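Notes follow once the structure below has been shown.
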Amino acid sequence: IDKDLKRVLAYSTVENVGIIFIALGVGFTAWSLGLISVAKLALGAALLHCLNHAIFKALLFMGAGSILQATHTRNIERLGGLLKRMPYTGMIFLVGSLAIASFPPFNGFISEWLIFQSLLSLGLSAVGWLKVVGPVLAALLGLIAALAAATFVKAFGVSFLALPRSTQAKQAKEVGKPMLLAGGFMAVCALLLGVMPGPVLAIITPIFNQSLGNQTLDLNYLSVKSIPIADQASFGMISPGIIFALLIIIVPLALLLSRSIGGRTTVTVDETWNCGVPLNSRMEYTATGLTNPLHRVFATCIRGCSDIKLNLYDPLNKLLFMVSDRIRAFQTGSIHAYLAYILITLLVLLAFAR
């Protein structure tokens with residue numbers, strides 16, 4: 001909904017932190033119930049998603065920084081058509097968008113898939129009301145993933161596709177090689193962690209094998225094999241390497257089949273249906289128009305969040321500033337005062353120690 005590209009990325013950080021906390025909650029709940037395999041799966045997925053988020057979010061902020069340097073604006077509504085002018089930045093930003101939207105074969109897909117498995121496994125292994133909580137949280141996680149995909153369809157599509165909407169976008173040029181190399185490196189990392197997460201999982205898993213009990217959860221595997229999530233048949237299996245290989249084969253094959261079946265095509269350049277006027281940027285979808293249906297569906301929730309900010313967070317913020325101002329009076333800048341504070345603290349601790 002927001003038009004500021006960097007603010008959109010910041011909001012998505014809140015979403016991913018929520019996903020990580022879902023995994024942590026499942027892990028500690030399963031641990032308390034003695035479901036050690038589910039606990040290790042959820043906690044390992046949480047750590048892996050922390051790493052994956054650090055990679056694809058850094059990649060996206062690098063892309064946003066490149067856009068800002070080239071156009072001097074973060075307003076998505078004033079961008080457009082950047083893929084022709086900044087093709088390498090566009091491809092880097094596209095990789096980050098696919099990764100954060102959990103599309104295979106990129107790293108965001110692997111960690112979110114593991115979190116899905118932990119939620120479904122909690123529903124299968126637990127008793128009572130937890131049998132319902134696991135599938136419900138899995139459904140909510142699916143909704144979150146769908147909204148993330150819609151968000152970055154907007155961020156990439158409105159920024160890089162169609163026609164420029166401003167002079168800054170028309171005059172944009174590709175950024176320098178150092179910025180492209182940094183973004184390219186992070187894009188390669190996002191791909192490698194999606195195709196070969198095994199070495200990272202091999203480092204993460206022993207942490208929980210040592211801390212959560214004697215039961216081992218073996219996630220060591222080769223990238224071309226499937227991931228054995230656990231020794232329980234209820235847990236799913238996946239092969240990132242095979243998914244990547246199939247994508248490499250299927251995409252070119254689909255293009256070849258379409259050309260072979262369709263035969264030679266003739267490209268005809270003509271006026272599109274444009275109400276009798278030349279095609280221009282005013283006829284495109286804007287960021288606001290693209291997300292307006294979602295905004296209308298979730299308007300009640302968004303309005304409620306605004307009310308919470310106004311009635312809860314703003315008063316708390318004022319209270320914290322007021323308390324901070326009072327505490328600041330103790331910061332006198334005098335070494336004698338600080339030594340007195342230390343002495344008083346030690347006396348209080350000794351009194352309680354008795």
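As the structure is a prediction and not an experimental result, all values here were calculated from the model.
No side-chain donor-acceptor contact under 3.5 Å links S121 to the backbone of S118. Judged by distance alone, with hydrogens and angles left aside, the side-chain atoms of R7 form no donor-acceptor pair with the main-chain N or O of K3 at under 3.5 Å. Remark: the backbone N or O of K6 is not paired with any side-chain donor or acceptor of R74 at under 3.5 angstrom.
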Problem - Derivation of the side-chain contact (heavy atoms from CB on, under 4.5 Å) call for D4 and Y11 - result: CA-CA 11 Å; D4 189 306; Y11 287 155; over 6 Å; no
Exercise for the section: Report the C-alpha distance between V158 and L79 in whole Å, list the side-chain angles of each, state the deciding distance to 0.1 Å, and finish with yes or no for side-chain contact (heavy atoms from CB on, under 4.5 Å). Expected result: CA-CA 7 Å; V158 177; L79 301 176; over 6 Å; no
Handout entry: Worked check of side-chain contact (heavy atoms from CB on, under 4.5 Å) between F116 and L137
Key = CA-CA 9 Å; F116 267 114; L137 286 177; over 6 Å; no
Exercise for the section: Could you please spell out the steps behind the side-chain contact (heavy atoms from CB on, under 4.5 Å) verdict for R85 and Q171? Expected result: CA-CA 8 Å; R85 294 157 180 81; Q171 297 175 351; over 6 Å; no
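Here CG of N107 is found 9.0 Å from SG of C189. Values are rounded to the nearest 0.5 Å. In this structure, OG1 on T71 lies 9.5 Å from CZ on R78, to the nearest 0.5 angstrom. Here the CG-CZ distance, from L98 to F93, works out to 11.0 Å after rounding to the nearest 0.5 Å. With values rounded to the nearest 0.5 angstrom, I20 atom CD1 is found 6.5 Å from H53 atom NE2.
Aromatic pair F160/F156: centroids less than 6.0 angstrom apart.
Pairs passing the side chain to side chain donor-acceptor pair (under 3.5 Å) check and including a residue from residues 173-200, sequence neighbours excluded, read T89-E174.
For the residue pair S159 and K154, no side-chain donor N or O sits within less than 3.5 Å of a side-chain acceptor on the partner. Q168 and T73 share no donor-acceptor pair across their side chains, judged by distance under 3.5 Å alone.
Of all heavy-atom pairs between A39 and G27, the closest is CB-O, 3.3 Å. Across all non-hydrogen atoms, the minimal contact from K131 to G123 is CG-O, 3.4 Å.
Between Y338 and L343 there is no side-chain heavy-atom pair separated by less than 4.5 Å. In this structure, L33 and T29 have side chains that are in contact, with non-hydrogen atoms separated by less than 4.5 Å. Side-chain contact between F185 and L59: absent, with no pair of heavy atoms (C-beta onward) separated by less than 4.5 Å. Taking 4.5 Å as the limit, some side-chain heavy atom of L193 sits within range of a side-chain heavy atom of V200.
Hydrophobic clustering (ILVMFWY, side-chain heavy atoms < 4.5 Å, transitive): I243 and W113 are in one cluster.
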